[in-house]
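To start, the structure under review is shown below, and the notes come after it.
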Amino acid sequence: MREYALIGKSLVHSFSPAYFKAKFEAEGIHDASYEAKELQSLNDLPNWLLLNPNIAGFNVTIPYKREICAFIDELFGPAAGLQ
């Protein structure tokens, strides 16, 4: 199972899990899931990734959008301006 996630803080109001669940169903994707994962600190990210080895990708929301750049090797397009 491919797992995807949204990481950030205070994600109870996020529409992303419902959106991606519906998208996967509509496109017949049965081997993927998407969940919201609140991290108290972005410093928790490496450990979270170790504990979730099936993570195929994740989105980042406020307040971690700028902080995540320290964990990324290369940025392209508009994201490159965040460094």
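In this text the structure is predicted, and so the values were computed from the model without any measurement.
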Taking atom CD1 of I62 as the centre, report whether more than 12 heavy atoms of other residues, nucleotides or ligands fall under 6.0 Å from it. no

Is it true that, when you exclude F71 itself, more than 12 heavy atoms of the residues, nucleotides or ligands shown sit nearer than 6.0 Å to its CZ? yes

Quick one: are [X] and [Y] in side-chain contact, heavy atoms under 4.5 Å?
X: I55; Y: W48; answer: yes
X: E25; Y: K23; answer: no
X: V60; Y: L42; answer: no
X: S33; Y: Y4; answer: no
X: T61; Y: L6; answer: yes

Residues F58, L49; criterion side-chain contact (heavy atoms from CB on, under 4.5 Å); working and verdict: CA-CA 10 Å; F58 58 89; L49 289 170; 4.0 Å; yes

Give the intermediate values and the outcome of side-chain contact (heavy atoms from CB on, under 4.5 Å) for residues Y64 and K9. CA-CA 8 Å; Y64 302 134; K9 276 191 177 180; 3.2 Å; yes

Judged by atom type as modelled, is there a donor-acceptor pair below 3.5 Å linking the side chain of Y19 to the main-chain atoms of S14? no

Do E38 side-chain atoms and L11 backbone N/O form a donor-acceptor pair below 3.5 Å? yes

Test side-chain contact (heavy atoms from CB on, under 4.5 Å) on M1 and E3 and set out the steps. CA-CA 6 Å; M1 171 81 63; E3 298 175 5; 4.3 Å; yes

Co-membership, hydrophobic cluster, residues L50 and I7, 4.5 Å side-chain: no

Look up atom [atom1] in [X] and atom [atom2] in [Y], then write down how far apart they are to the nearest 0.5 Å.
X: N43; Y: N47; atom1: CG; atom2: CG; value: 11.0 Å
X: D31; Y: N54; atom1: CG; atom2: CG; value: 11.0 Å
X: L45; Y: E67; atom1: CG; atom2: CD; value: 11.0 Å

Verdict with reasoning, I29 to R2, per side-chain contact (heavy atoms from CB on, under 4.5 Å): CA-CA 10 Å; I29 300 170; R2 292 175 295 156; 3.4 Å; yes

